[in-house]
Protein chains: 2
Amino acid sequence: MSPSPNAPTPVAIPEPTLKRLPYYYKFIQGQREARRDFVSCTTLAEALGLNPIQVRKDLQATGAVGRPKVGYHVETTLDAIEECLGYHNTQDIFLVGAGHLGQALLAYPGFAEIGFNLVAAFDADPAKVGREVAGKPILEASRLSDLVRRMHIQIAILAVPAAAAQMVTDTLVRAGIRAIWNFTPTRLAVPREVLVQDENLLASLSVLSKQLENSRVKSHKESIHGKPEEL
Amino acid sequence: MSPSPNAPTPVAIPEPTLKRLPYYYKFIQGQREARRDFVSCTTLAEALGLNPIQVRKDLQATGAVGRPKVGYHVETTLDAIEECLGYHNTQDIFLVGAGHLGQALLAYPGFAEIGFNLVAAFDADPAKVGREVAGKPILEASRLSDLVRRMHIQIAILAVPAAAAQMVTDTLVRAGIRAIWNFTPTRLAVPREVLVQDENLLASLSVLSKQLENSRVKSHKESIHGKPEEL
DNA sequence: CTGCTTTCGGTAAAGTTTTATCGATATGGA
DNA sequence: TCCATATCGATAAAACTTTACCGAAAGCAG
């Protein structure tokens, strides 16, 4: 399994593909429960509203291999996706900021299923410290740095107020964090070796609303010019 | 302001750009508070860790106009972004599903700032119905359809359990919803004219973790081959 | 006033991601 | 057994996004 020194680097899988894989995974799991042994790109694509060719390319990226006229073997393909997304190797993560959103994340049971173990939250508010949410303790913010270091935590969820975002980030970075899942609407300044995944909810909502506006204009124009809808 | 019949359709702004605009907006607001009248792409890019050329192209897309050697006028540019993202035209939205995440969204004060008015939540759980979160009522799920119709709600936030996602979606669609901000890990089947913005948290976390793994492999390889880090 | 430097706008190139095309393979039915 | 068809894998084209380049405008210093 260990690649030879100059093995062709297992080409990084594009982010859009990574984001789609969980959907495939879920659907294929459903097929397994339905006692199906194989699933084709066509089926997947139809169920998920995607392009079959895209599905095929995505699955290829995971290393899954299909059989013409039959499709992909359910078990093998599930394994390939799990392997690809790292659902196996479980990993401890911390949450910083136990406000409404933070507590919702604390209580969310889904992380465990994909190999993450959210072990504790940290907050600066003494009123919250000491409480538990879904069995996970909320600890004093001052202990964050030390625990990240000692427990070799690599990923942290950042759900603090925007004003504190950069400061907390600096603390995390100094403590040796490797990746930050950022729920604040702030661009974090981090050293190049630290990864940040932004989850800017306001931005997403803005996008949706803008696209809605666009589609309104478009369909209005279409109705004026009599352009028919295509199938 | 009304475009002539065959005016060049104000080219749809690419989604990546839309997602970056809120960051520019926030930073430029900061500049205004600091009593600065102009801001350059270079400054913005440096502050946000982006490419200056990208920033310029993004701002151009909003219609903002800059002056060589000076930059973009703070007030005008803020207006352009507001106009572009529709921060002005406020819009009522509904939340469906008042679980942990749903309640966190209910309590989130940020929506109002970008022109959204989250007026009510809906839930099937009688224990939750009747309660209020941050002054927003949680109503019976059975009233959803009627209220969407009567209030001409265009955007709904979907934060129900995955198992209910498609069913609730169908209800929303029948009631005339135009766009769904989907927090469930499900691909929703909707008619073409209905927009869906997926916010798949598990998928995002998987991406982060996978990229972390990649970067580990890469830096390991680099250290073996002695490839130096670039500035 | 002249020349230097910063920054913009427009156009072009490079890089990514999505979609299309085509031959090969395996299955099921004639 | 042989043919029609569904589906895969590979390669190529198209679309989209990011990055680079270059000339022009505008401020600043001498």
(message) Atom CD of residue position B:Glu46 - does it have more than 12 heavy atoms of other residues, nucleotides or ligands inside 6.0 Å?
(response) no

(request) Kindly say whether the aromatic ring centers of B:Phe94 and B:Phe122 come within a distance under 6.0 Å. (result) yes

(request) Give B:Thr42 one of three labels, base, sugar-phosphate or nothing, depending on what nucleic acid heavy atoms sit under 4.0 Å from its own. (result) sugar-phosphate

(message) Can you measure A:Leu44 atom CG to D:dA6 atom P for me and round it to whole angstrom units?
(response) 18 Å

(request) Write down the distance between CZ (A:Phe38) and C1' (D:dC8), rounded to a whole number of angstrom. (result) 13 Å

(message) Each nucleotide in nucleotides 24-30 of chain C should get exactly one letter: B, S or -. Can you fill that in based on protein heavy atoms under 4.0 Å?
(response) -BBB---

(request) Send over the distance from A:Ile13 CD1 to C:dT17 C1', rounded to a whole Å. (result) 14 Å

(request) Working to the nearest 0.5 Å, report the span between CD of B:Glu82 and OG1 of B:Thr77. (result) 11.0 Å

(request) Look at the side chain of B:Ile53 and decide which nucleotide, out of D:dC21, D:dA10, C:dG9, has an atom nearest to it. (result) D:dC21

(request) Nearest-nucleotide wise, let me know which of B:Pro16 and A:Ala64 is further upstream toward the 5' end of DNA chain D. (result) A:Ala64

(request) Using only heavy-atom distances, determine whether the side chains of B:Lys57 and B:Thr17 contain a donor-acceptor pair under 3.5 Å. (result) no

(request) Using the closest heavy atom to pick a nucleotide of DNA chain D for each, name whichever of A:Arg56 or B:Glu15 lands nearer the 5' end. (result) A:Arg56

(request) Check the distance between D:dT11's P and A:Lys57's NZ and give it to me in whole angstrom. (result) 11 Å

(request) Round to the nearest Å and state the distance from B:Gln60 atom CD to D:dT17 atom P. (result) 16 Å

(request) Provide, to the nearest angstrom, the distance between the CD atom belonging to A:Gln54 and the C1' atom belonging to D:dA13. (result) 16 Å

(message) Please determine whether a side-chain nitrogen or oxygen atom of B:Asn51 lies at a distance below 4.0 Å from atom OP1 or OP2 of D:dT18.
(response) no

(message) I need the A:Trp181 CH2 to B:Leu208 CG distance, nearest 0.5 Å.
(response) 8.5 Å

(message) What is the distance, to the nearest angstrom, from the CG atom on B:Leu59 to the P atom on C:dG10?
(response) 13 Å

(message) Could you tell me how far apart B:Asp58 (CG) and D:dT17 (P) are, to the nearest whole angstrom?
(response) 11 Å

(message) Check the phosphate of D:dT18 against B:Arg20, side-chain N and O only, distance under 4.0 Å to OP1 or OP2. Yes or no?
(response) yes

(message) With no hydrogens and no angle check, just 3.5 Å: does a side-chain donor-acceptor pair link A:Thr186 and B:Lys26?
(response) yes

(message) With rounding to the nearest 0.5 angstrom, report the CD1 to CD1 distance, A:Ile155 to A:Ile177.
(response) 8.0 Å

(message) On DNA chain C, does the nearest nucleotide to B:Val39 precede the nearest nucleotide to A:Pro14 from the 5' side, or the other way round? Give the residue.
(response) B:Val39

